[in-house]
Amino acid sequence: KMSVLDINAPYIPITVGSNVCFPPSGTTPIIFIFGGPGSGKGRIVANLRSMFGMKLISAENIVLKYLPKKVQHFITLSTANDIAELVKREPSHVPLDWVLRLIQHIITADPHHVYIVDLIPNLKWLVRNTSLVKECAAELAAFEEKTPASFAIHLSLTEDSLNKTLDYSHKVVCVPQGATVADEADSTRTKRRFQLHEGAIQPFLTYFSSLGRLVTMDVSSGASEPIWDCIHKFFIDQSLPAQVLVDSVVVFAMG
C-alpha cells in the first residue's frame, strides 16, 4: 500500500525526558498515557495496539469491573449508575492505590506484553473522585517497586487550540435548523471536560516529569496523520518492532 506524504503537513513538537527508554529484555514495558478531550488519544491507543501489539489497561474499566466485587458483601451494584451513585456518596471506595494494585496484578499475571495504561477516567464522576485523582507520588512510587513504569506520554493540547477546533467544526458542519443550541451545549460540555481533565492530570505529569520520564507531544494542530507519524517514529526509534507492515511513502515535489 502506498500513501502520499504531505510536505505541507504541520510540524509536531515532541519533548522526550532524559530518562525515557524501554526497559531491558525480561522487564515488562509499562507506558502511561494522558490525553483529554480533543487529543485523539482513543485513535492513537487503537493504532498502538494494532501496530505494536500493546495491551491496554483502562483504570475506568477496572473500576466498573471490580468495584461491584469489592463491595458485594454489603451492597449489590447491578448497573453503571449504581456504581456512580455509590462512588459519589462514598469516594473512598475507589482509592488510587487500590486501582494501581489491580493494574499491577493484571501486568504480573501476564508480563510478556507491552502495556499502555490509561489512568485518568473519562467519566466525570470518576475524574472528580478525590480518592482516585489526587497527589500521586507515594502511590506511584509503591506501584513502581514491583512494576516499574518505563515512561509516560502526554498528548498536550491547549484550551485555545481546542476552542479553535470546536469553532471550526461548527462552521463546516451543516447543522439542521433549530439544532444550534444543542450543538453549542455540546461544545460547552467538551470545554468543561477538557478543563476538568487538565486539572486532574497535573500531579501525574509532575511525577513523571520530575523523574525525567515524560514524553510530551503537542497535538494542538489536530492533524491526525502527522501526529500518528510522529508517535510511530518515536516508538520505532525506541527499537520497538512493528507487528504490521508500515506504508510505503512517496514524496511529490512541485517544480
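Atoms considered below: every heavy atom in the structure, side chains included; atoms not considered: hydrogens, waters and symmetry mates.
Under the 3.5 Å distance criterion, with hydrogens and angles disregarded, a donor-acceptor pair is assigned to the side chains of Ser220 and Asp218.
Scanning for ring pair (Phe, Tyr, Trp, His ring centres under 6.0 Å) contacts around Phe234 gives Phe151, with sequence neighbours left out. For Phe74, the ring pair (Phe, Tyr, Trp, His ring centres under 6.0 Å) test picks out His93, with sequence neighbours left out. For Glu85, the salt bridge (Lys or Arg N to Asp or Glu O under 4.0 Å) partners two or more places apart in sequence, or in a different chain, are Lys88. The side chain to side chain contact (heavy atoms under 4.5 Å, CB included) test applied to Thr130 returns no partner, not counting sequence neighbours. Every residue meeting the salt bridge (Lys or Arg N to Asp or Glu O under 4.0 Å) condition with Arg101, not counting sequence neighbours, appears here in chain and number order: Asp97. Partners of Ser156 by side chain to side chain contact (heavy atoms under 4.5 Å, CB included), not counting sequence neighbours, listed by chain and number: His154, Thr216. Partners of Lys134 by salt bridge (Lys or Arg N to Asp or Glu O under 4.0 Å), not counting sequence neighbours, listed by chain and number: Glu139. Residues satisfying the ring pair (Phe, Tyr, Trp, His ring centres under 6.0 Å) test with Phe208, not counting sequence neighbours, are Phe32. With sequence neighbours excluded, the residues forming a side chain to side chain contact (heavy atoms under 4.5 Å, CB included) with Lys55 are Asp110, His113, Tyr115, listed by chain and number.
Sorted by first and then second residue, the side chain to side chain donor-acceptor pair (under 3.5 Å) pairs with a member in residues 28-48 read Lys41-Asp118, Arg43-Glu225; sequence neighbours excluded.
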Atom pairs and distances, side-chain donor-acceptor, residues 9-20, under 3.5 Å, sequence neighbours left out:
| residue | atom | partner | partner atom | Å |
| --- | --- | --- | --- | --- |
| Asn19 | ND2 | Leu211 | O | 2.8 |

Only pairs under 3.5 Å count here: list side-chain donor-acceptor contacts from residues 195-202, not counting sequence neighbours, and write none if there are none.
| residue | atom | partner | partner atom | Å |
| --- | --- | --- | --- | --- |
| Gln195 | NE2 | Glu159 | OE2 | 2.6 |
| Gln202 | NE2 | Glu198 | O | 3.0 |

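Looking at Glu135, its side chain never comes within 3.5 Å of a backbone N or O of Pro203 through a donor-acceptor pair. No donor-acceptor distance shorter than 3.5 angstrom exists from the side chain of Thr147 to the backbone of Glu144, with no hydrogens or angles considered.
A 6.0 Å sphere centred on NZ of Lys124 holds no more than 12 heavy atoms belonging to other residues, nucleotides or ligands.
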